[in-house]
Structure formats: C-alpha cells, structure tokens
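Proteins get letters first, then strands, A, B, ... in listed order; numbering begins at 1 in each.
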Protein chains: 2
Amino acid sequence: MDGPEPHTDPFASLLGYHLRRASVAVMADLTASLAPLELTPAEASVLFAIGAGSGVTQAEIGRILGIARANMAPLMARFLALGLVEREAVDGRSQALTLTRAGRDLHDRARAAAAAHEDRMFGGFSAAERAAILAKLRALWEPESGGL
Amino acid sequence: MDGPEPHTDPFASLLGYHLRRASVAVMADLTASLAPLELTPAEASVLFAIGAGSGVTQAEIGRILGIARANMAPLMARFLALGLVEREAVDGRSQALTLTRAGRDLHDRARAAAAAHEDRMFGGFSAAERAAILAKLRALWEPESGGL
DNA sequence: TATTGTTATACTCTATAACTATA
DNA sequence: TATAGTTATAGAGTATAACAATA
C-alpha cells in the first residue's frame with residue numbers, strides 16, 4: 001500500500017507554466033505603469049512601432065506585433081482622434097503613419113514609463129542575465145531569430 | 001538636419017515584450033496539445049493541482065493557480081459532470097477534492113501531452129539552461145521564491 | 001487574385017458584485 | 001467578521017467573416 005501522495009510541486013518542471021505566470025505578473029505591472037498615460041500595453045507597442053520606422057503602414061504594424069488587422073482599426077482611430085498620428089497616402093489603399101508632435105511626446109513618456117517598469121521588474125538581473133534571457137525568449141516566438 | 005530615423009528595433013531591449021510574445025506562442029502550442037483531450041491549459045493545471053495534493057479544496061487551488069473563486073465554480077462543475085473528480089466534505093463549507101479513476105486517467109494523459117509540449121518548445125535548451133530560465137521566471141511572479 | 005482598411009460580431013478569459021451557508 | 005462555494009454579469013482581448021476599394 002502506498003502512503004499519501006508526496007507533495008511534490010506538479011509545476012516545478014513546467015517551464016511553460018512559469019513563463020505564463022511571469023508574463024501575467026509583468027504585464028500587470030506594465031499596464032499599471034502606462035495607465036497614467038491612458039495607454040494600454042498594446043497601444044504603447046503600436047506607438048513604439050510607429051515611432052521607430054518611418055512611414056510604416058497599419059497592416060505592417062499588425063504583422064510586426066501580432067495584432068489582427070481588424071483590431072488595428074479602432075486602435076488607430078483613437079490615435080487619430082487624439083491627434084497622435086498622421087497619415088499620408090502611399091497608394092490608394094495604404095497610408096504611411098508618422099507621429100505628430102503630440103504623438104512623439106506621448107511616445108517619449110511611454111518609453112520612459114516602460115523603461116522604469118523594466119528596471120523595476122528586471123533590475124534584479126544583471127545586464128548579462130537580461131541579454132541571455134531575452135535571447136532565449138526571442139528564440140521561442142521569433143523563428144528567424146536563429147535559436148531553437 | 002537629421003536624416004530618416006534609423007531602423008533600430010524598438011523592442012530589442014524590452015524583456016517584457018519578449019516575455020509576452022514567448023508566452024503567447026508557448027500557450028498556443030499547449031492549447032493545441034491539450035485540445036484532443038478536451039482540456040484547456042487552465043483545466044489541465046487544475047487537474048495537476050488536484051492530482052498532486054491529497055484533498056486540496058477548490059479555494060486553495062484558486063489561490064495556487066491564480067484563478068478567481070468565481071471562475072473555479074463552472075470549471076469544477078464540468079469536472080464533476082464528467083466524473084473526473086470526487087468531493088468529500090471537510091467541514092460545512094469546504095470539500096476535499098480527489099481524482100476518480102477516470103480523472104487520474106485523464107490527468108496522466110494531460111501530463112504526457114504537457115511533457116511532449118515542453119520537449120517540443122524547450123528541447124533546444126539544455127537541462128541547465130531550462131533550470132536557469134525557470135528559476136528566473138519563478139522569481140518574477142513568486143516573491144517567496146527568493147530571487148529578485 | 002491578393003491586400004488594405006473597415007465594420008460587425010462572437011468567443012474566450014478574467015473581474016466584480018452579491019448571495020447563502022458555515023467557521 | 002472572515003471564508004467557501006455559487007450565480008450573474010461586465011469588461012477586456014482576441015478571432016472570424018464580410019465588404020469596398022485598390023493593386
């Protein structure tokens with residue numbers, strides 16, 4: 001007869017489980033960090049994508065960030081309504097996106113908030129550790145990043 | 001005058017961004033791995049928690065897994081309807097949960113599916129690398145795990 | 001024939017509030 | 001006064017289908 005089951009942690013070996021829990025915790029902190037700017041993490045990432053590339057289009061951003069085209073529309077509508085973004089026709093269907101002055105302003109503040117958030121979350125890791133983890137995480141979702 | 005902005009990846013330094021993308025990709029694979037068993041990742045984790053501890057209660061599982069009590073109810077109702085779980089009164093309000101034979105059976109198949117999934121996702125990492133990443137991830141969400 | 005941007009819609013997950021019964 | 005379990009419901013986030021205009 002076996003005794004009662006030993007209380008070994010059933011999630012101790014499940015990397016995916018810890019990945020998920022960590023992601024949820026980190027996202028919650030980021031959400032709180034961006035809330036004063038009235039930006040969600042997804043919106044901030046779109047702002048970063050527009051701010052980095054000159055004249056990216058809406059569809060391109062969706063592909064880069066993994067946001068469905070249908071869900072980009074209301075997000076961009078809000079940015080336009082807030083005067084954060086300007087559009088310039090590339091051809092009859094695509095429009096190049098650039099940040100207005102207000103958009104660049106908010107972009108910079110979101111960048112600062114994200115940086116503070118990263119320091120708060122990952123400050124306990126050395127720069128080398130951060131780089132090592134980042135490379136491994138990238139390999140998990142970005143096939144062309146080389147790893148795995 | 002500045003030239004056009006250089007195309008530096010605006011997410012290159014954002015660990016949180018890569019954590020999120022990796023989590024989404026890994027969860028999608030796990031979801032697909034568990035679909036033949038008609039289990040969601042959350043359901044499988046509950047099955048694992050019941051299978052590991054003798055007589056845990058519904059509320060305890062919620063706390064362990066970060067699932068709100070309100071959301072545990074329908075999940076457990078399904079498990080009971082499927083005959084996967086049995087309840088035994090601990091006191092007037094709590095009930096100890098144990099797996100039935102069918103529940104243990106599904107538990108073991110879910111375990112196997114999760115293990116195959118983990119190998120597929122993380123097989124490119126050495127055991128030492130897996131352990132190192134897991135410890136870092138744990139530190140991000142489980143304060144008492146020591147790190148950070 | 002494929003792509004862009006849009007609208008409408010559905011589906012899942014998660015969060016909140018309220019309630020009963022029990023400790 | 002706090003906790004267990006439940007119900008109902010609301011809000012995100014995400015996914016699908018369809019459409020008009022353009023390539």
*Between A/His18 and A/Phe11, what is the shortest heavy-atom contact and its length?*
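A/His18 and A/Phe11 have their closest heavy atoms at NE2-O, 3.0 Å.
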*Select from A/Glu60 and B/Asn71 the residue whose nearest nucleotide in DNA chain C is closer to the 5' end of that strand.*
A/Glu60
*State the CZ-CZ distance between B/Arg109 and B/Arg104, to the nearest 0.5 angstrom.*
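Reported to 0.5 Å precision, the distance equals 13.5 Å.
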Interatomic distance, [X] [atom1] vs [N] [atom2] [rounded to whole Å]:
X       : N      : atom1 : atom2 : value
B/Glu43 : C/dT14 : CD    : C1'   : 15 Å
A/Arg69 : C/dT6  : CZ    : P     : 14 Å
A/Met27 : C/dC13 : CE    : P     : 17 Å
A/Met72 : C/dA8  : CE    : C1'   : 18 Å
B/Arg87 : D/dA4  : CZ    : C1'   : 10 Å
B/Phe79 : D/dG5  : CZ    : P     : 15 Å
A/Leu97 : C/dT4  : CG    : P     : 13 Å
B/Leu75 : D/dT6  : CG    : C1'   : 14 Å

Nearest to the side chain of [X], heavy atoms from C-beta on, is which of [options]?
X       : options               : result
A/Gln95 : D/dA23, D/dT6, C/dG5  : C/dG5
A/Arg93 : D/dT16, D/dA4, C/dA2  : C/dA2
A/Asp91 : D/dA23, C/dG5, D/dA4  : D/dA23
B/Arg20 : D/dT6, D/dT14, C/dA23 : D/dT14
A/Ala70 : C/dT3, D/dA8, C/dT7   : C/dT7
A/Thr40 : D/dA23, C/dG5, D/dG13 : D/dG13

*Assess whether atom CZ of B/Arg69 is packed by more than 12 heavy atoms of other residues, nucleotides or ligands within 6.0 Å.*
no
_For a side-chain contact (heavy atoms from CB on, under 4.5 Å) check, start with the C-alpha distance between A/Leu97 and A/Glu88, then their side-chain angles and the critical distance, and finish with the verdict._
CA-CA 7 Å; A/Leu97 301 168; A/Glu88 191 187 357; over 6 Å; no
*Can you check whether B/Gln58 has a side-chain N or O nearer than 4.0 Å to OP1 or OP2 of D/dT6?*
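For D/dT6, OP1 or OP2 has a side-chain N or O of B/Gln58 closer than 4.0 Å.
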_D/dA4, OP1 or OP2 - any side-chain N/O from B/Arg63 closer than 4.0 Å?_
yes
*asked:* Assess, by modelled atom type and distance only, whether the side chains of B/Arg120 and B/Ser33 contain a donor and an acceptor separated by less than 3.5 Å.
replied: yes
*Please figure out whether B/Ser94 or B/Ala73 has its closest DNA chain D nucleotide nearer the 5' end.*
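By nearest-heavy-atom nucleotide position, the 5'-most residue is B/Ser94.
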